[in-house]
Asker: 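Input: one structure, supplied below.
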Number of protein chains: 2
Amino acid sequence: MRPLFHPAIEDVRPEAILHALADPARAAIFASITQAGCVQACAALSSLGERVIPKSSLSAHFKVLREAGLIRSERHGVEMRNHSRCDEVEARFPGLLSAILNAYAGVKGCEGAEP
Amino acid sequence: MRPLFHPAIEDVRPEAILHALADPARAAIFASITQAGCVQACAALSSLGERVIPKSSLSAHFKVLREAGLIRSERHGVEMRNHSRCDEVEARFPGLLSAILNAYAGVKGCEGAEP
DNA sequence: TCCCATAGTTCGGAATCTCAGAACTATGGG
DNA sequence: CCCATAGTTCTGAGATTCCGAACTATGGGA
């Protein structure tokens, strides 16, 4: 188990962020971590929305988010704590994360509201 | 040659936009169309940056942008005119496109500015 | 009218990425 | 010491992506 890799904020690339958040499951995971005071264990997120995400896929999703620079993960005993790096990313790419999270939030519940 | 498909603005999904713009080549194409008064032929964009993009790849890129709802393409004689749908997308997802284009713009020329 | 040049599209196969089940590793508690 | 819990890695099937080659559509001559 190699030590988790986290890119420095200046090495974070926009395409990696967009790729990471282009998957609705990952976007939901990231939104959850960000909104929940920036700390969440992995297992707590295995059933976002209506789908159950298998552990291996979840692990891969966290890896993508981590290597994109969106979250920071550290072991705490037997479990993993995931912090959102939203502040750092916001400083580097102003408005990006909030615009993306708003876009997803606006779509999820709003279809079919008009007659 | 089937008639080009363009989604209605209310059918445009954030994940499609993020996926489309997660590729630097496509992001550059879209930025170019958007900045250039919203009209460009395909061939004019075959050598953005330092790489030459083959025609078939270019065609596929335009298709992704079109089906994501980011551009509108129409034949004009022998060539294709590509209009940016930035205004529509902006109305639906405020701040999204500008944040993404700014993120790319900020990265392209600015590495190694600090000592 | 026929033929050619131009501008894009589609086809096909190799390379890459993604998903999820199974097996594995690491940590802490009894 | 052994087991339970929490994640990670392995692996193979299926989906995507890339790009050259062949194809289609439009317009301008001869």
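Within every chain, numbering begins at 1; the chains are lettered A, B, ... in the order of the sequence lines, protein sequences first and strands thereafter.
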Asker: Please report, rounded to the nearest Å, how far the P atom of dT9(C) is from the CD atom of Glu74(B).
Answerer: 13 Å
Asker: Tell me the interatomic distance from Phe62(B), atom CZ, to dG8(C), atom C1', rounded to whole angstroms.
Answerer: 10 Å
Asker: Considering residues at least two apart in sequence or located in another chain, which fulfil the side chain to side chain donor-acceptor pair (under 3.5 Å) criterion with His19(B)?
Answerer: none
Asker: If I take atom CG in residue Asn82(A) and atom C1' in nucleotide dG7(D), what distance separates them, rounded to the nearest angstrom?
Answerer: 11 Å
Asker: Taking only N/O atoms, report every protein-nucleotides 14-21 of chain C pair under 3.5 Å with atom names and distance.
Answerer:
unit_1  : atom_1 : unit_2   : atom_2 : d
dT18(C) : OP1    : His19(A) : NE2    : 3.2
dA20(C) : OP1    : Arg51(A) : NH2    : 2.7
dA20(C) : OP2    : Ser57(A) : OG     : 3.2
dA20(C) : N7     : Ser56(A) : OG     : 3.2
dG21(C) : N7     : Ser56(A) : OG     : 3.0
dG21(C) : O6     : Ser56(A) : OG     : 3.2

Asker: For Watson-Crick and G-U wobble pairs within 3.5 Å on both distances, what is DNA chain C written in dot-bracket notation, | included for inter-strand pairing?
Answerer: ||||||||||||||||||||||||||||||
Asker: Round to a whole Å and report the spacing from CD of Glu79(A) to P of dT27(C).
Answerer: 14 Å
Asker: Restricting to side chain to side chain donor-acceptor pair (under 3.5 Å), what partner residues turn up for Glu67(A), sequence neighbours left out?
Answerer: none
Asker: When the distance from CG of Leu65(A) to C1' of dG7(D) is rounded to whole Å, what number comes out?
Answerer: 15 Å
Asker: What pairs with Leu97(B) under side chain to side chain contact (heavy atoms under 4.5 Å, CB included), at least two apart in sequence or on another chain?
Answerer: Ile17(B), Leu21(B), Phe30(B), Leu70(B), Cys86(B), Val89(B)
Asker: Using atom CE of Met80(B) as one end and atom P of dT6(C) as the other, report the distance to the nearest whole Å.
Answerer: 18 Å
Asker: Check whether any side-chain heavy atom of His76(B) sits under 4.5 Å from a side-chain heavy atom of Glu74(B), and report yes or no.
Answerer: yes
Asker: Could you list all the side chain to side chain donor-acceptor pair (under 3.5 Å) pairs where at least one residue sits in residues 20-29 of chain A, not counting sequence neighbours?
Answerer: Arg26(A)-His61(A)
Asker: How about Leu18(B) and Tyr104(A): do any of their side-chain heavy atoms sit closer than 4.5 Å?
Answerer: yes
Asker: Got a sec, which residues hit side chain to side chain contact (heavy atoms under 4.5 Å, CB included) with Ser59(A), two or more places apart in sequence or on another chain?
Answerer: none
Asker: Glu79(A): what forms a salt bridge (charged side-chain N to carboxylate O under 4.0 Å, His left out) with it, not counting sequence neighbours?
Answerer: Arg81(A)
Asker: For Arg66(B), give me all partners under salt bridge (charged side-chain N to carboxylate O under 4.0 Å, His left out), at least two apart in sequence or on another chain.
Answerer: none
Asker: In whole angstrom, what separates Leu58(B)'s CG from dC18(D)'s P?
Answerer: 12 Å
Asker: Check the phosphate of dG8(C) against Ser59(B), side-chain N and O only, distance under 4.0 Å to OP1 or OP2. Yes or no?
Answerer: no
Asker: Quickly work out the Lys63(B) NZ to dT16(D) P distance and round it to whole Å.
Answerer: 11 Å
